[in-house]
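Notes follow the structure.
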Amino acid sequence: MAGPINWLSQVVSVTKFGLLGIPQRRGSVAAAVFGIAGVVTVLVGVLSIAAGFRQAMAASGAADAAVVLRSGADSEMVSGFNRQSTRIIADAPGVARTPEGPLASAELFVIINLPKRSTGSDVNVPLRGVESAAFRVHGQVKIVEGRMFEPGKDEVIVGLGAAREFAGLEVGRSLLVGRREWPVVGVFSAGGATAESEIWTDAPVLQAAYNRGDSFQSVYVRLDSPGAFTTFKDAVTTDQRLSAQVMRLSDYYASQSTAVTKLITSLGVLIASLMAVGAVFGALNTMYSSVSARTREIATLRALGFGSGAVVVSVMLESVALALGGGAFGAGLAYCVFNGFHAATMNWQSFSQITFAFAVTPQLLVLGVALATVIGLIGGLLPAIRAARQPIAAALREL
Amino acid sequence: MNESGRNDGKSPLVEVDGVEKVFHRGAEEIHVLKDLHLQVPAGEFLALMGPSGSGKSTLLNLIGGLDRPTKGTVRVGGESVDTLSDRHLAAWRARHIGFVFQLYNLLPVLTAERNVELPLLLTHLSKAERNRHVQAALAVVGLTPRAKHFPRTLSGGEQQRVGIARGIVTDPTLLLCDEPTGDLDRKAGDEILDLLQALNREHGKTIIMVTHDPHASARASRTVYLNKGQLSAEPVK
């Protein structure tokens with residue numbers, strides 16, 4: 001009579017009877033399902049901001065690219081090199097070369113104020129002076145509208161993200177830099193990397209506009225291969241003429257994104273945790289009312305010989321099934337609403353805006369559904385135990 | 001000791017020996033059954049009568065293994081029901097007891113035939129075998145044409161017949177009926193009593209029926225009366 005197969009078939013049967021009865025309890029079931037869907041949507045939505053930010057940073061840092069800053073500087077803002085130092089770095093072993101010369105771009109970086117399209121308020125936008133190798137050093141940079149700036153001219157090109165988020169950056173418009181107006185001559189893409197948040201111009205032009213003499217703040221290089229990093233790093237850091245530190249670009253951007261992703265993740269987890277507590281109570285309420293509405297039915301099944309264990313597992317399964325429904329709905333909603341949503345936020349390390357797209361990753365979807373399952377398990381446990389412990393004789397007479 | 005529950009003519013299928021049942025309501029103890037003795041031979045149709053609160057249903061629940069006595073023993077087919085673990089008791093009920101309830105206790109989400117099939121889900125019968133048993137049970141209660149109807153589309157009498165079909169589908173040792181006509185009008189109640197009588201006489205089913213209706217108890221082969229927790233052969237005035 002007993003045995004695992006018999007027990008399983010009991011579980012399947014009692015679960016089926018519970019699920020078949022859902023239409024009669026649709027009000028409370030809908031409340032719990034949508035409650036859990038809300039929790040999952042918020043969790044996945046908020047964490048998709050952090051994931052998108054991380055992705056933008058990761059897209060910026062290829063394994064065979066490196067950045068050189070002055071020793072002790074944790075960002076370009078506080079770094080600095082003279083022309084001679086940047087040449088020594090560009091000529092170091094490990095740097096990839098083309099017939100035109102080494103793939104190294106000595107750059108400087110200033111911040112200008114531009115109004116954000118969404119709010120109209122002024123925000124810090126990075127304006128970067130680059131050398132011609134920058135297009136190959138920073139990854140897949142290409143002009144998607146207009147043309148490249150002409151070296152030596154007061155012209156700028158703008159990243160796709162910057163053009164989308166900040167006002168006045170359309171091709172043909174002019175940008176007020178210092179006391180002069182610089183025309184926007186082109187828009188470039190960079191495969192979703194942080195360069196898309198920036199405005200680029202010719203480095204010597206920017207040096208002149210900001211009275212920087214012949215100084216730079218950083219040197220970006222493309223290496224022969226990812227394995228050439230150690231050779232390059234050793235050469236630069238041991239050169240007595242330099243006081244420099246070398247980082248893989250991927251590590252550099254990872255360190256740049258840490259503060260923002262930690263903040264967003266903490267906030268997301270906090271908000272979702274608070275909501276999850278509410279959703280657990282919603283699930284508890286739903287399953288208690290389900291068990292209460294089925295008191296006589298469950299007692300009848302137990303009187304006929306169905307076991308208490310099968311009843312416990314069945315009520316839990318019903319709760320988890322409802323939670324999974326809510327979780328899947330919430331995750332789907334989060335994907336539709338948030339995935340690819342464009343935004344700009346402050347990157348505190350560079351003290352300037354960075355544009356990125358929210359990323360609802362498969363991992364986040366799995367996390368959302370897993371959270372829903374946990375809510376369903378917790379919400380179903382106590383009602384399940386109550387259903388199995390009710391005295392059969394008394395419960396049989398419940399109306 | 002009360003001897004009125006004894007029937008020495010045949011070997012007993014059910015033996016209730018010195019049973020007491022005490023319920024607790026806060027600090028108060030309510031003695032529902034007191035040193036109760038009852039023997040029911042196989043093949044008997046016993047009516048258990050008594051006023052409300054006399055302990056009829058409590059006694060039926062003890063015999064059916066839905067509750068345990070505070071003191072004394074309950075044996076059915078030689079097995080001491082009160083000593084079985086909860087898990088074994090559930091399996092024992094499935095194998096030996098058919099229940100018929102006053103309010104039918106059908107699952108509203110299942111058709112008549114699927115309700116009847118419920119106890120068979122606890123057996124190792126194949127689906128085809130289960131269906132054969134279900135159709136046979138529905139034929140016995142005369143409800144074959146209504147097999148695919150849901151309980152809400154059946155009359156009270158029809159629902160109770162489904163309940164009886166569910167009670168007999170596993171061919172249990174004992175059929176326990178708790179006020180089976182209590183929620184029916186006279187005509188439907190008579191049909192149910194006809195059916196129970198036929199199950200007893202033609203199929204040899206041992207039936208214990210709780211009722212407070214003399215009209216119903218008249219159909220039984222023996223009636224015992226329960227009053228203030230004790231049995232007697234005659235109704236207490």
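Naming: A, B, ... by sequence-line order, numbering from 1 per chain.
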query: Is any side-chain N of the basic residue among B:Glu117 and B:Arg130 closer than 4.0 Å to the acidic one's carboxylate O?
result: yes

statement: One should read off an interatomic distance between B:Gln160 CD and B:Ser155 OG, to the nearest 0.5 angstrom, of 10.5 Å

query: Given a strict heavy-atom distance threshold of 4.5 Å, which part of B:Arg166 is in contact with chain A: side chain, backbone, both, or neither?
result: side chain

- prompt: So which part of A:Leu301 gets closer than 4.5 Å to some heavy atom of chain B, the side chain, the backbone, both or neither?
  reply: side chain

query: Can you say whether B:Asn105 sits under 4.5 Å from chain A via the side chain, the backbone, both, or neither, judging by heavy atoms?
result: both

query: Given a strict heavy-atom distance threshold of 4.5 Å, which part of B:Pro108 is in contact with chain A: side chain, backbone, both, or neither?
result: side chain

message: Assess whether a salt bridge exists between B:Asp82 and B:Arg75, defined as any Lys/Arg side-chain N lying under 4.0 Å from an Asp/Glu carboxylate O.
response: no

Most chain A-contacting option - heavy-atom pairs closer than 4.5 Å, from B:Arg114, B:Arg93, B:Gln102: B:Arg93

message: My understanding is that only residues two or more places apart in sequence, or in another chain, count here; which of them pass ring-ring contact (aromatic ring centres under 6.0 Å, His included) with A:Phe281?
response: none

query: Should the pair B:Arg95-B:Glu79 be classified as a salt bridge under the 4.0 Å nitrogen-to-oxygen rule?
result: no

- line: Whatever's closer than 4.5 Å to a heavy atom in chain A on B:Asp178 counts as side chain

task: Evaluate side chain to side chain contact (heavy atoms under 4.5 Å, CB included) for B:Phe150 paired with B:Asn115, printing each intermediate quantity in order.
output: CA-CA 9 Å; B:Phe150 283 93; B:Asn115 265 291; over 6 Å; no

Engaged part of B:Leu110 at the chain A interface, taking heavy atoms whose separation is under 4.5 Å: side chain

